[in-house]
Amino acid sequence: MGLCRSSGARSRVSYELHLAKIDLVARRVHRLRMRRPSGFTYVPGQAVDITLARDGWRDEPRPFTIVSLPEDPDLEFLIKAYPDHGGVTEQIAHLSDGASVTVSDPWGALRDRGDGLFLAGGMGITPWLAILRARAAAGMPVQSTLLYAVEAQADLLAIEELKAMVGLTLVAVVAEDPGPDHRHGRLDRALIQKHLPEAGPVYLCGPPPMEEAVNEILRDLDVGDDRVVVEG
């Protein structure tokens with residue numbers, strides 16, 4: 001979808017918005033843009049619940065990370081459609097400009113805690129993209145590594161933008177059909193250990209099985225829970 005797991009309570013404040021633009025930016029990934037409401041503030045890494053104003057879906061909110069900057073005039077989301085699930089994301093793939101959606105107040109515990117190691121699996125890149133974009137926009141030096149794991153090249157998001165971020169070491173890990181600049185395979189202990197800093201935060205976001213496997217690796221590498229930045 002575009003968000004890590006969370007067990008936190010959701011805000012009950014909501015905004016009725018219209019899509020200014022929806023377009024396809026990667027394999028089954030759509031970018032949604034809508035005008036940011038007056039007074040709507042958030043911290044990079046936070047998310048909202050989005051509900052579709054369509055029959056049968058008005059009681060089906062889903063969480064998605066905001067990837068635009070807090071000062072941007074529009075809210076931006078990157079949402080992957082899963083047609084075989086028959087759920088909200090599949091419906092989003094059929095939306096068009098002007099469609100109505102309900103957006104909650106922002107929520108979430110993910111924050112920028114300084115330079116470190118960013119670990120992203122699939123759409124788990126979205127909170128880290130938001131944080132790294134905010135750093136780049138503020139002219140803050142970045143001395144971090146991003147290990148970004150996907151199934152195929154076509155799943156990589158904002159890869160040129162990430163490559164251009166000064167001070168960011170980017171390692172794209174592609175399971176199938178890797179390109180010449182990609183590492184073939186998946187996030188594993190050897191790769192994480194190679195890039196693990198002695199101190200500083202370790203940011204983690206991805207599908208639940210990936211998060212569980214990586215958390216086990218981090219524990220095995222004696223990385224304390226206080227260093228791991230994760231939702232929930």
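Only a predicted model underlies this, so the values are computations on that prediction, with no experimental measurement involved.
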Please report the closest heavy-atom contact between [X] and [Y], naming both atoms and the distance.
{"X": "Val229", "Y": "Trp128", "answer": "O-CH2, 3.9 Å"}
{"X": "Val174", "Y": "Leu156", "answer": "CG2-CD1, 4.4 Å"}
{"X": "Asp155", "Y": "Arg27", "answer": "OD2-NH2, 2.7 Å"}
{"X": "Ala130", "Y": "Ile66", "answer": "CB-O, 3.4 Å"}
{"X": "Thr89", "Y": "Ile79", "answer": "CG2-CG2, 4.2 Å"}
{"X": "Glu211", "Y": "Cys205", "answer": "OE2-CA, 3.6 Å"}

Any side-chain heavy atom of Glu231 within less than 4.5 Å of one from Pro127?
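In short, these two side chains do not touch, never coming nearer than 4.5 Å.
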Using a 4.5 Å cut-off on heavy atoms from C-beta on, say whether the side chain of Thr126 contacts that of Phe64.
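Answer no - side chains too far apart.
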Among the clusters formed by ILVMFWY side chains lying less than 4.5 Å apart, do Met210 and Leu221 turn up in the same one?
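Yes, Met210 connects to Leu221 through the hydrophobic network.
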Any chance you could measure Leu218, atom CG, to Arg189, atom CZ, to the nearest 0.5 Å?
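So the CG of Leu218 and the CZ of Arg189 are separated by 10.0 Å.
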Hey, could you give me the CG/NE2 distance between Leu95 and His18, rounded to the nearest 0.5 Å?
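Interatomic distance, Leu95 CG to His18 NE2, rounded to 0.5 Å: 13.0 Å.
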Show every donor-acceptor pair shorter than 3.5 Å between a side-chain atom in residues 34-45 and any protein atom, with sequence neighbours excluded, or say none if there are none.
from, atom 1, to, atom 2, distance (Å)
Arg36, NE, Pro70, O, 3.4
Arg36, NE, Asp72, O, 2.8
Arg36, NH1, Phe40, O, 3.3
Arg36, NH2, Asp72, O, 3.3
Tyr42, OH, Ser68, O, 3.1
Tyr42, OH, Ser68, OG, 3.2
Tyr42, OH, Leu69, O, 2.7

Those residues that, when tested against Phe77, pass ring-ring contact (aromatic ring centres under 6.0 Å, His included) (two or more places apart)
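So Phe77 forms no ring-ring contact (aromatic ring centres under 6.0 Å, His included) with any residue.
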Short question: side chain of Arg183, backbone of Val171 - any donor-acceptor pair under 3.5 Å?
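No, Arg183 side chain to Val171 backbone: no donor-acceptor pair under 3.5 Å.
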Within a 6.0 Å radius of atom NZ on Lys194, are there more than 12 heavy atoms belonging to other residues, nucleotides or ligands?
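Counting other residues, nucleotides and ligands, NZ of Lys194 stays at 12 neighbours or fewer.
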Pair Asp222 + Arg219: basic N to acidic O under 4.0 Å:
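No, no charged N to carboxylate O under 4.0 Å.
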